[in-house]
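Contents: one structure, followed by commentary.
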Amino acid sequence: MSHKIISREQLSENVFAIDVTAELIASAAKPGQFIILAINSEYSERIPLTIAGCDTEKGTIRLIWQRLGKTTAELADLKVGETIENIAGPLGKPTHLENFGLVVCVGGGIGNAPLLPIATALKKQGNKIISILGARNKELLILEKEFAAISDELIVTTDDGSYGRKALVTEPLKEICQRKQKPDKVFVIGPTIMMKFCCEVTRQFAVPTDVSLNTIMVDGTGMCGGCRVEIDGKPKFVCVDGPEFDGHKVNFDLMLKRLNAYKNNEQKALEQYKNHKCKIGLDKKKSPDSNGGEII
Amino acid sequence: MTEQKRQQLLDELLEKQKQGQLKPADRFAIPCQAMPQQDAMERRNNVEEVTTGYSETQARLEAFRCLGCKTAPCVAGCPVRINIKDFITAIADGEFAKALGIIKENSLLPAVCGRVCPQEVQCQEKCTVGLKFKDVNKAVSIGRLERFVADWGAEQNEKDVPKIAAKTKMKVAIIGSGPGSIVAAADTARAGHDVTVFEAFHKPGGVMVYGIPEFRLPKKIVQKEIDVLEEMGVKIIRNFIVGRTRTIEQLMSEDGFDAVYIGVGAGLPSFMGIQGESLVGVYSANEYLTRANLMKAYKFGNGSDTPIIRAKKIAVVGGGNVAMDCARMALRLGAEKVYLLYRRTEKEMPARVEEVHHAKEEGVEFHTLQSPQKIIGDENSCVKAVECIKYQLGEPDESGRRRPVAIENSEFTIDLDAVIIAIGNGANPLIGQTTPNLKLNKWGNIIVDENCKTSIDGVWAGGDIVLGSATVILAMGQGRAAAVAINKYLSEKLSERSGDN
Ligand SMILES: Cc1cc2nc3c(=O)[nH]c(=O)nc-3n(C[C@H](O)[C@H](O)[C@H](O)COP(=O)(O)OP(=O)(O)OC[C@H]3O[C@@H](n4cnc5c(N)ncnc54)[C@H](O)[C@@H]3O)c2cc1C
Ligand code: SF4
Ligand code: FES
């Protein structure tokens, strides 16, 4: 049962979105869950991607990813009508949704993609939503319009000031925590380093903060332990115990190291893939900039 | 012994047999037939199967060693009660097809079982010949003979697709596709039911494809069994995680399944709970083997996109078959030094003697009576060394094995690039978490009755999720027992329905 790409968009230089058929997953998925895909059954690696949206009528799911290593590059090269052989899911525990009151949703980079369905669901639960979206520059900011539609307040930051406020997301987050009405809950999804610093901010104000972790995975059913992280000093498996955890209990430093375990291998695989494509004259694009082994 | 000499001996035995003069003493005099295998130094560099299998002459000579005991004690040692005496006699007679038929009456996967069953603690342990020589290694090599006939059958290229009874329209869901599930699927499909296998991975076969390495069990053997299932009309749905994609409740109440067999295997690898276990380069055995086997990481950059750390110096912690598989896989992935760290002595090791022997031949260094108590990382949080402590054996514990006791101040360190933790598995929690009313024991294993039925009506379970980490043959045995019960349940349901009409 392969999965056909129904539509494809390039959201920025290295960020892509597809809608792909996966009827069963579309009907079962809840905000916060993810899938594991393998483009080809014989040679591909298995990578986790968060579900950025579902269309139960069309039976499709939306995936958004950043081109980093070989697999994400190969995925970016697939065209509408082409297929992904394997998609398994929905995996992980759904987000715990309730009416917390005032909720801050912080998205960084392509973390905005998995954050959107969560923020939307939180809004439906009656929460007041403040969204903070961060990107390196204007070009890389995604889903601003969609967030604007569901947020009571929207703050955009860019690292270089090319759009919105020139700041890291932690700055407005801190200011909001200092307001008279302190947030009741914070959700952060983005690069691990960003989640770490956001948690350091909210810890000072004792605001409960959930983060969604993106570790390396293999099976996604709790069998291999490759996705383990340290929560409160104890090992937990992101694929079955997560992906969302209390951010104040996550050992981010260790997680950052584990994410880089295969950095050299990934670089090698990507080079090989690009060389191969050059040889067959397909690739005229610029090489993607890598910021570590992280795939969100 | 050269093949020519063997042929000569076989001819003599056949002649004697014809004359009615073949005595037990003649049988005892036949040398045990060694299993041909790849040279150790060569094979540690490839993933091809280590053992290459008996020739016809060897198989018949080995079969002539069997006394054909009236009581056939070997059969009692076999978890699925294969009619061992008769199949061995058929081999001695050169009637291989007949031998295969006899095995298949009880076992669906002889090519697998012949390779991976621990015969030395099952059928061969009970064998009269071994008892006579007071050495289980001198028992009739029942496993090798089983493998021989299975491989012979495969070479004949005859597709052996079992007959299917008239269709019943009853729907059976089989969860997981390990050995227990394969048997349960085949046996329920044979009864005419509409059977669907749901597998979480993108390839079916369970531990036989993701855990047990190619060099012990070539994947094409498992694939062949899967092909047979599909030819029997069994649907295999890959990438389907029961509990997430659909729950058991949904399968039964919304998707119309009348019966369910749960064979999801062990999951949740155990770690030691020591410092440094989350460092880069610490693997569970499951992860290491899944990357290496299922994802073919040994071909990384050349036919596989899945990476694995190519450690030069690596330690494997544990003493079971899984630990042996990891250690031997590490060699094949280019390790120069592979240390096996085990808290007790070799005598207590749960691994099969054959595996220990193969591992040693290939150059795995056994460090017994020691175990890591801390894994040390470098500035990048990559494994740099392990700190071990030495043990001595104390009083026997509940299991009867002598308990290892740490020796004070005996710490020492070993420099390493990677560590594999192969100390066992807990139960896979997903089905339990998503199936209300399914009774589990305190370790999370599913509780079943003698027919493998669970606490939920219409739901059976077997294999590692019930037994804890067990064996292929025990899983198969439970798959078969469950199938018998499922077939009975469904035929009763059917007659109820026709009674209603
Ligand atoms: C490395 C290793 C070496 C071994 N060596 C030997 C040996 O030499 N001899 C021997 O007899 N035994 C050996 N064993 C043990 C043996 O493999 C197992 O006892 C046996 O495979 C258990 O079979 P099972 O039917 O329980 O299913 P398993 O083989 O455990 O397969 C379970 C399947 O279910 C799937 N699954 C899990 N959760 C779900 C879900 N929620 N939905 C759908 N599918 C799911 C899994 O992906 C898997 O494919 C070894 C085990 C390992 C790990
Ligand atoms: S116990 Fe040994 S000798 Fe006797 S029938 Fe079985 S295999 Fe043959
Ligand atoms: S990905 Fe294997 S246990 Fe989580």
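All values below come from the heavy atoms of this structure, side chains included, with hydrogens, waters and symmetry mates left out. Here is the naming used below: chain letters follow the sequence lines, and residue numbers restart at 1 for every chain. A quick note: this is a predicted structure, and the numbers were derived from the prediction, not measured.
Proximity to chain A (any heavy atom under 4.5 Å) is restricted, for B/Glu277, to the backbone atoms N, CA, C and O. Using a 4.5 Å cut-off between heavy atoms, A/Arg258 touches chain B through backbone and side chain atoms alike. Only the backbone of B/Glu379 comes within contact range of chain A, with at least one heavy atom under 4.5 Å from a heavy atom of that chain. Residue B/Val264 does not touch chain A at all, counting heavy-atom pairs closer than 4.5 Å. Interface remark: A/Lys30 contributes no atoms to any contact with chain B (heavy atom separation under 4.5 Å). Only the side chain of B/Phe240 comes within less than 4.5 Å of a heavy atom in chain A; its backbone stays farther off. With a 4.5 Å cut-off on non-hydrogen atoms, A/Glu74 touches chain B through its side chain but not through its backbone. Using a 4.5 Å cut-off between heavy atoms, A/Leu254 contacts chain B through its side chain alone, with no backbone atom that close. A/Pro90 touches chain B through backbone and side chain together, each having a heavy atom under 4.5 Å away.
Atom CD of A/Glu57 has 12 or fewer neighbouring heavy atoms from other residues, nucleotides or ligands inside a 6.0 Å radius.
Just one of B/Val197, B/Thr196, B/Thr245 meets the side chain to side chain contact (heavy atoms under 4.5 Å, CB included) condition when paired with B/Ile237; it is B/Thr196. Checked against B/Phe201 for a side chain to side chain contact (heavy atoms under 4.5 Å, CB included), the options B/Ile241, B/Thr290, B/Asn239 give a single hit: B/Thr290.
A/Phe237 and B/Phe271 have perpendicular rings, their planes meeting at more than 60° on a 0 to 90° scale where under 30° would count as parallel.
Distance check, rounded to the nearest 0.5 Å: CZ of A/Arg8 to CG of A/Leu75 gives 9.5 Å.
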